[in-house]
Amino acid sequence: MDGVGGTIVEVEAYDHEDPAAHGYRGRTARNASMFGPPGHAYVYRSYGIHWCLNLVCEPEGVANAVLVRALEPTRGLDAMRERRGLDDVRLLCSGPGRLTQALAITREHDGLPLDRPPFELRARPAPAAVVVGPRIGITRAVDLPWRYGLAGSRFVSRPFPRA
DNA sequence: CTTTCGATGATCT
DNA sequence: GATCATCGAAAGG
C-alpha cells in the first residue's frame, strides 16, 4: 500500500448470520462488496469520520468478512506519522479508524482485490499464537468471542482479557 | 487510572 | 429521526 504497511495483529469476524454484522439484513448499497468475491476489500465510513477496512471471506455471495482492527507498523513509518499527526509508533495503527488513516484507505478502495496494488496482502510466514475475546464497540451479539489478536502484541487496539 | 462526551455523515427505519 | 464494527480530548479519582 504505497510503501506503507505492517503486520495484522488484531481482527474481528463478522458472519452473515451475526446480528452485529452489516450483511445481516441483506445486501445494500453500502455493503455490496461484502457479497462480492473473497479476497477483496470492504471499506465503509464509520461514525461519519473514520474509514474501516474489512477483508471479504468466502464463499462468494455470502456476507462474511473480517474487520482489520490493528497493525504493527513495519514500513513507511514516517508517511504514517505524517498522516496521523503523531510520533508514537504504538498509536499509528492500533485501531480500525487509525490504521485506515495511516494507510490512507478510503471509499476508493472499496471492492478492490487485496492481492494486487495498491494492496499487497501476504500470508504470515508461520502460524501465530492467537488470543480471543469479545468484540469491541458493538451493541448486538456482544458475547460472541470473535475478536482475535496476536498473543503478546503491544499494537492491539485494546488489551485482551487475561486468561 | 477511569468515565463522559462531542464530532460528523451515511445509512437505515 | 435514530443508529453506528470510532477517536480523542476533557474531566474526575
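In what follows, every heavy atom counts, from backbone to side chain, and hydrogens, waters and symmetry copies are set aside. Nothing here was measured: the structure is a model prediction, and the numbers come from that model. Convention: sequence-line order gives letters A, B, ...; per-chain numbering from 1.
No donor-acceptor pair closer than 3.5 Å links the side chain of A:E72 to the backbone N or O of A:V9. Side-chain atoms of A:R124 come within 3.5 Å of backbone atoms of A:I8 as a donor-acceptor pair (strictly under, hydrogens ignored). For the pair A:H16 (side chain) and A:G61 (backbone), a donor-acceptor distance under 3.5 Å is absent. Under a 3.5 Å cut-off, the side chain of A:R69 and the backbone N or O of A:E10 do not form any donor-acceptor pair.
Side-chain atoms of A:I138 lie closest to C:dA5 of the nucleotides B:dT13, B:dA7, C:dA5. Comparing atom distances between the A:L67 side chain and each of B:dT8, C:dC4, C:dA5 picks out C:dA5 as nearest. Checked against C:dC4, B:dT8, C:dA5, the side chain of A:R140 finds its nearest nucleotide in C:dC4. For A:P96, whose side chain is taken as the heavy atoms from C-beta onward, the closest listed nucleotide among C:dC7, C:dG8, C:dA5 is C:dC7.
The interatomic distance linking A:N31 (CG) with C:dC4 (C1') rounds to 14 Å, in whole Å. To the nearest angstrom, P of C:dC7 lies 8 Å from CZ of A:R84. For the pair A:Y47 OH and B:dG9 C1', the computed distance is 13 Å after rounding to whole Å. Residue A:Y24 contributes atom OH, which lies 12 Å from atom P of B:dT13 at whole-angstrom precision. Rounded to whole Å, the distance from CD1 on A:I136 to P on C:dC7 is 9 Å. Between A:D15 atom CG and C:dA5 atom P there is a gap of 16 Å when expressed in whole angstrom units. At whole-Å resolution of the value, CZ in A:R45 and P in B:dT8 are 11 Å apart. Rounded to an integer number of Å, the gap from CD of A:E10 to C1' of C:dT6 is 13 Å.
The side chain of A:R69 places an N or O atom within less than 4.0 Å of a non-bridging phosphate oxygen (OP1 or OP2) of C:dT6. Using a 4.0 Å cut-off, no side-chain N or O of A:T139 falls inside it from OP1 or OP2 of C:dT3. Side-chain N/O atoms of A:T28 include one lying less than 4.0 angstrom from OP1 or OP2 on B:dC12.
At a threshold of 4.0 angstrom between heavy atoms, the contacts of A:R107 are confined to the sugar-phosphate backbone, with no base atom among them. Contact annotation for A:R158: no contact, since no heavy-atom pair falls under 4.0 Å across all strands.
Nearest-nucleotide mapping onto DNA chain C: of A:G137 and A:R98, the residue sitting toward the 5' end is A:G137.
Using Watson-Crick or G-U wobble geometry with both donor-acceptor distances under 3.5 Å, B:dC1 finds its partner in C:dG12. Across all strands shown, C:dA5 has no partner, as no Watson-Crick or G-U wobble contact with both distances under 3.5 Å is found.
Annotation: A:D88, atom CG; neighbour count of heavy atoms from other residues, nucleotides and ligands within 6.0 Å is above 12.
No hydrogens or angles were tested; on distance alone, a donor-acceptor pair under 3.5 Å links the side chain of A:Y44 to the base of C:dA5.
Side-chain atoms of A:S94 and A:R90 form no donor-acceptor pair, as typed in the model, at a separation below 3.5 Å.
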